[in-house]
Structures are given as structure tokens and as C-alpha cells.
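Quick caveat: nothing in here was measured; it's all calculated off a predicted structure.
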Amino acid sequence: MAQQEPNYWLMKSEPDVYGINHLKQEVLTLWDGIRNYQARNFMRSMQVGDKAFFYHSNCKPPSIVGLMEVSKTGLIDPTQFDENSKYFDEKSSRGKPRWDCVQMKYVGIFNQSISLEELREIYTPEKLQVVKRGNRLSIMPVLKTTANDLLKRLGKPIV
DNA sequence: GCCAACGTTGGC
DNA sequence: GCCAACGTTGGC
């Protein structure tokens, strides 16, 4: 069977909470704690092998810093059942879990990251959603043409 | 620290 | 089903 073309995504995380270096150390991580339906639905449409730009948010400067890859899909987010987790959801049940997640795999860090400010100079919100003012979505698709252009600018990710 | 944007909740 | 109140995200 022919390999399907990967889709591209952008996923935000705060470097103090879980940054690209955490992923570099762990290699694999569960992208859990997503409590937004739109973001969850994007995760549901992910395929193993899809690529995602790792975006550092809530920091100076917010930037695309690395690349990762979807390694497992359709996983139930365990934090929704954990009463001690800040992501605990009392309205979710094991019989009918509300939140799921994917497993991501480290690919590499870009030699030179691209800041949000620079992204705004290059792309319109139609070309790259994250530059849209007030965008709070933490997971969003990236158009193939934009993704290819980004990869050209960012160069080869360093493992 | 401020606040714009916007998703969610709950009263009606 | 509307919408006001509230909470959160995240840039600045």
C-alpha cells in the first residue's frame, strides 16, 4: 500500500511547562491535557506519520522551534480520569471518555527558529492560522504549501 | 500585569 | 436557543 502524504500541523506548548527540549529528552510524549473541542477534533483527524511544527507559546518571543511527528493516534487522554490532575474532567467517564490525544515523536530542533513577529511578516492568516490576531487554538492544521515553505526557511531540523 | 479574543457555562 | 457572565489563552 502506498504511503499517504503526511499532513502538517502546528502545536503550541509553553516552554516552561513542556518545551521542545523536554520532548528531545523523552523522544515520545502523550499530547494530553487538550480541553478544547476544536483542537481535539484536529487530533482525531491526525494520521501516524503526520508532521507537526512545535510552537513555543506564552514566552519571548513566541516561535516555531522544532519538528515532531505523530507516532500513535486515537489514544484516550488518561488525565481526564485523574482527580489529582488539573486536567481532571468529572463529566467524563471511562465508558464514554470525552478527551483523547495522540502520541508525538521528536524529530528535531531547527537551527534558527522563526518568531511570531517574523511569521506575520511572511504569511497572511489565510496562509498560516497562528498569525491571526487573538488565535487561542493550541492545535491547528498547516497548509501543505505553507509547510513546505516553512521547512525551506527553517532548514533541516537538528536531531 | 494588562487586556483582547473567544470558548464555555448556566439561567432564563 | 439566546446571551450575559465568567474563565482562559497568550501576545504585548
Tell me whether the rings of A:Trp31 and A:Phe54 are parallel (<30°), tilted (30 to 60°) or perpendicular (>60°). perpendicular
Which sits closer to the 5' end of DNA chain C, A:Arg120 or A:Lys86, going by the nucleotide each is nearest to? A:Lys86
Whole-Å distance between C:dG11 P and A:Lys60 NZ? 12 Å
Interatomic distance, A:Asn36 CG vs B:dA5 P [rounded to whole Å]: 18 Å
From OH of A:Tyr87 across to C1' of C:dT9 the rounded distance in Å is 12 Å
Expressed as a whole number of angstroms, how long is the span from A:Lys132:NZ to C:dT9:C1'? 15 Å
Please report, rounded to the nearest Å, how far the P atom of B:dT8 is from the CZ atom of A:Arg35. 12 Å
Under-4.0 Å salt bridge between A:Arg35 and A:Asp89: no
Min side-chain heavy-atom separation A:Leu67-A:Phe53 under 4.5 Å: yes
Among B:dC6, B:dT9, C:dC12, which is the nearest nucleotide to the side chain of A:Arg136? B:dC6
Are A:Tyr55 and C:dG11 close enough that a side-chain N or O sits under 4.0 Å from OP1 or OP2? yes
Rounded to the Å, how far apart are A:Arg40 CZ and B:dG7 C1'? 14 Å
Is the distance from OP1 or OP2 of C:dT9 to the nearest side-chain N or O of A:Lys12 less than 4.0 Å? no
Would you say the side-chain atoms of A:Ser92 pair up with the backbone N or O of A:Gln80, donor to acceptor, closer than 3.5 Å? no
To the nearest Å, give me how far apart CZ (A:Arg98) and C1' (B:dT9) are. 12 Å
Out of B:dG10, C:dG10, C:dG11, whichever nucleotide has its closest atom nearest the side chain of A:Ser138: C:dG10
Nearest-nucleotide 5' precedence on DNA chain B, A:Lys91 against A:Asn58: A:Asn58
Consider the side chain of A:Arg133, meaning its heavy atoms from C-beta on, and name the nucleotide among B:dT8, B:dA5, C:dG11 that approaches it most closely. B:dA5
Tell me: CD of A:Gln129 to C1' of B:dC6, nearest whole Å? 14 Å
Short side-chain donor-acceptor distance under 3.5 Å, A:Tyr18 and A:Glu26: yes
